[in-house]
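Read the structure below first, then the notes.
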Number of protein chains: 2
Amino acid sequence: MTTIRQIAKLANVSVSTVSRVLNNHPYVNEQTRNDVQAIIDQLNYTPNSNAIHLSKGKTNVIGISLPLVNNQYYSSILEGIAKEAAKENYHLMVCQTNNDKKKEEEILQMLRNKKMDGLIMCSKLNEGSSLEMFSTYAPIVTCEANDVPSISSVYMNHYETFRMSMDYLIQKGHTKIGYCIGRKNSFNSTHRKQAYIEGLHSIGVTPNTNWTFEECLTIDDGKHVAQQLVQLDQRPTALVVSCNHIAASIRKEIERNGIQVPEQLAIIGCDDQPIGDLFDITTISSQSEQLGKHAFRLFFKRLTTEQQLNEHIEVSPQLIERTST
Amino acid sequence: MTTIRQIAKLANVSVSTVSRVLNNHPYVNEQTRNDVQAIIDQLNYTPNSNAIHLSKGKTNVIGISLPLVNNQYYSSILEGIAKEAAKENYHLMVCQTNNDKKKEEEILQMLRNKKMDGLIMCSKLNEGSSLEMFSTYAPIVTCEANDVPSISSVYMNHYETFRMSMDYLIQKGHTKIGYCIGRKNSFNSTHRKQAYIEGLHSIGVTPNTNWTFEECLTIDDGKHVAQQLVQLDQRPTALVVSCNHIAASIRKEIERNGIQVPEQLAIIGCDDQPIGDLFDITTISSQSEQLGKHAFRLFFKRLTTEQQLNEHIEVSPQLIERTST
DNA sequence: CTGTTAGCGCCTTCAT
DNA sequence: ATGAAGGCGCTAACAG
């Protein structure tokens with residue numbers, strides 16, 4: 001590996017001069033600059049990033065933590081981050097947590113290790129106090145609402161999203177409404193459930209626990225929900241579903257059982273997966289790519305601004321009506 | 001930031017001793033090891049990764065280049081890589097090329113910069129000679145077949161996959177067969193077209209250019225294909241489609257136009273996107289997650305083995321029959 | 001078993 | 001405009 005030192009020797013200058021031309025610093029004689037550059041080209045020299053990282057205390061790497069990468073929601077966020085990061089010449093270190101809290105903590109540790117200049121958390125498992133502590137090493141941005149004022153966030157208001165769905169269904173005349181969500185006790189699920197309950201409350205209806213489904217993560221889970229619905233004596237007339245792929249799966253299986261959508265069961269999704277389009281699922285889009293874009297901008301601003309101000313950006317949901325309601 | 005040197009001073013030992021306990025090296029007195037560890041814990045010390053990287057000439061980072069991250073095929077590969085990488089404590093640097101050759105070359109450069117210990121290319125745009133040159137800096141593995149014997153690869157034989165589809169349709173009695181692929185002149189597309197032509201040739205049929213569609217990448221593209229098919233005087237009776245999301249889109253739009261699947265048009269997909277399941281698309285699964293897993297194993301083996309042997313693994317396609325044929 | 005020392009490759013202040 | 005020299009923080013011979 002050719003080093004800056006060898007270049008210097010061959011060009012009959014000091015390493016600092018070489019470093020200067022490498023970094024386009026001013027105060028270098030035009031002639032020497034050309035000479036040095038010639039040798040650099042001739043030797044096909046490339047700087048060693050690790051040395052630069054160590055010396056500068058900066059890596060131009062942004063970490064991204066997420067449960068799993070093979071998931072439309074998270075890869076949309078990733079896409080948004082990637083687009084913005086490319087503009088600033090930042091590289092992406094993608095880290096899967098598999099929803100394992102310990103694993104997430106390991107990722108947070110990488111902030112202290114200087115493996116990355118900051119971290120965007122697409123979901124989070126550790127408590128706020130812990131994040132706050134790690135954020136003293138490098139900026140953290142969450143793509144979920146967080147209860148730590150000192151950590152920037154960009155988020156969908158999932159209460160709002162679910163509430164919007166509920167109000168939309170209610171306005172369409174539904175009173176027998178069920179829901180279907182993912183992780184039972186996550187931050188978002190809690191808010192969604194609250195929106196569900198308060199939505200029903202607004203028309204004086206008590207929730208029916210036969211119509212609520214939790215831990216629905218996969219297409220198969222959706223299928224099972226549909227099968228359970230089919231067996232019910234008393235079915236809901238509408239279902240609010242957190243994810244479109246689940247909604248699609250439910251629609252498919254329920255129709256296969258001869259139940260009409262939306263006549264006998266209206267289904268509304270709450271995200272922006274393209275599968276919602278193919279299955280004609282009415283949905284409250286959450287524009288996840290936007291989430292990623294904003295998240296990177298927040299990180300970058302934080303990094304380049306003197307002030308340590310934190311921001312919390314709420315992305316607005318958007319109703320997209322299709323034939324499932 | 002606390003350094004190894006400070007620890008050494010406080011523990012009244014040399015930096016090497018500290019380094020030894022840090023790295024669990026043998027030949028350290030139990031007592032001193034405990035003493036040093038105590039100080040490490042007390043100061044809540046974490047090593048600086050960049051210093052380690054520089055010193056060792058190794059980063060424990062594997063680069064991954066792909067056109068875009070928000071795509072089922074590529075995120076499945078990514079998932080496979082992630083799973084294997086986690087086992088060996090390797091981190092993922094995910095780099096989007098956006099199908100830009102220059103961008104891909106920048107990523108290859110990172111191999112020289114020592115930003116990563118190797119690169120898995122999920123698709124490739126640069127020619128083999130170029131890859132070969134970069135592979136002298138660090139191991140490269142492609143997730144496509146490549147014509148460079150010195151670079152390991154793991155791949156689906158896309159000729160075989162398409163040929164399998166053709167033979168399946170032919171055996172079902174079809175002779176009027178069309179196809180629908182992505183990038184017109186990519187490595188894979190070339191082989192797919194060849195399989196198509198040779199498949200037809202085997203039953204003495206000449207291809208009809210009205211039935212071939214190229215540059216189909218998005219769901220919208222699939223919709224357009226369906227619309228064009230509807231307008232045709234003479235329609236094919238079967239369609240081989242490279243991707244399930246396109247196949248799904250075609251099925252949806254063509255059925256919306258009153259054309260029966262599979263009676264009037266049989267559709268077969270050629271990958272393993274889950275959307276194929278939801279739309280009941282018969283498909284030749286390519287098991288992309290397996291691709292990623294093997295790719296990482298190949299990289300890792302290459303890195304840890306003395307011999308510089310390269311391997312080429314062909315992953316076998318698998319027919320999954322559903323209702324679209 | 002432990003310490004000394006010379007790197008790893010580059011950046012950056014301080015002189016000149 | 002240029003050079004000398006001291007880091008950045010850690011590893012790994014080599015010498016005891």
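Chain naming here is simple, since letters A, B, ... match the order of the sequence lines and numbering starts at 1 in each. Nothing here was measured: the structure is a model prediction, and the numbers come from that model.
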Nearest whole angstrom, please: distance from the [atom2] of [N] to the [atom1] of [X].
X: B/Met1; N: D/dG7; atom1: CE; atom2: P; result: 18 Å
X: B/Ile40; N: D/dG9; atom1: CD1; atom2: P; result: 16 Å
X: A/Ile7; N: D/dG3; atom1: CD1; atom2: P; result: 15 Å
X: B/Asn50; N: C/dC10; atom1: CG; atom2: P; result: 14 Å
X: A/Lys9; N: D/dG3; atom1: NZ; atom2: P; result: 14 Å
X: A/Lys115; N: D/dC8; atom1: NZ; atom2: P; result: 21 Å
X: B/Leu22; N: D/dC10; atom1: CG; atom2: C1'; result: 9 Å
X: B/Leu43; N: D/dG9; atom1: CG; atom2: P; result: 14 Å

Output yes when at least one side-chain N/O atom of [X] is less than 4.0 Å from OP1 or OP2 of [N], else no.
X: B/Ser19; N: D/dT11; result: yes
X: A/Tyr27; N: C/dT16; result: no
X: A/Ser14; N: D/dG3; result: yes
X: B/Ser16; N: C/dT2; result: no

Comparing A/Arg33 and A/Val15 on DNA chain D - which has the more 5′ nearest nucleotide: A/Arg33
Go through [options] for me and flag the one nearest to the [X] side chain.
X: B/Tyr45; options: D/dG9, C/dC10, D/dG3; answer: D/dG9
X: B/Ile52; options: D/dC10, C/dT12, D/dT2; answer: D/dC10
X: B/Ser55; options: D/dG3, D/dG9, D/dC14; answer: D/dG9
X: B/Thr32; options: C/dT2, D/dG9, D/dT2; answer: C/dT2
X: B/Lys56; options: C/dT2, C/dC10, D/dA12; answer: D/dA12

Under 4.0 Å, counting only non-hydrogen atoms across every strand here, what does [X] touch: a base, just sugar-phosphate, or nothing?
X: B/Pro26; value: nothing
X: B/Val18; value: nothing
X: B/Asn113; value: nothing

A/Arg302 vs A/Asn310 side-chain heavy atoms within contact, under 4.5 Å: yes
pair A/Ser286-A/Leu291: side-chain heavy atoms closer than 4.5 Å: no
Criterion side chain to side chain donor-acceptor pair (under 3.5 Å) on B/Asn126 and B/Lys124, from CA distance to verdict: CA-CA 6 Å; B/Asn126 281 264; B/Lys124 58 184 159 40; over 6 Å; no
Pair A/Glu105 + A/Lys102, salt bridge at N-O below 4.0 Å: no
Side-chain ion pair, A/Glu104 and A/Lys101, N-O less than 4.0 Å: no
Parallel, tilted or perpendicular: ring planes of B/Phe134 versus B/Tyr137, cut at 30 and 60 degrees: tilted
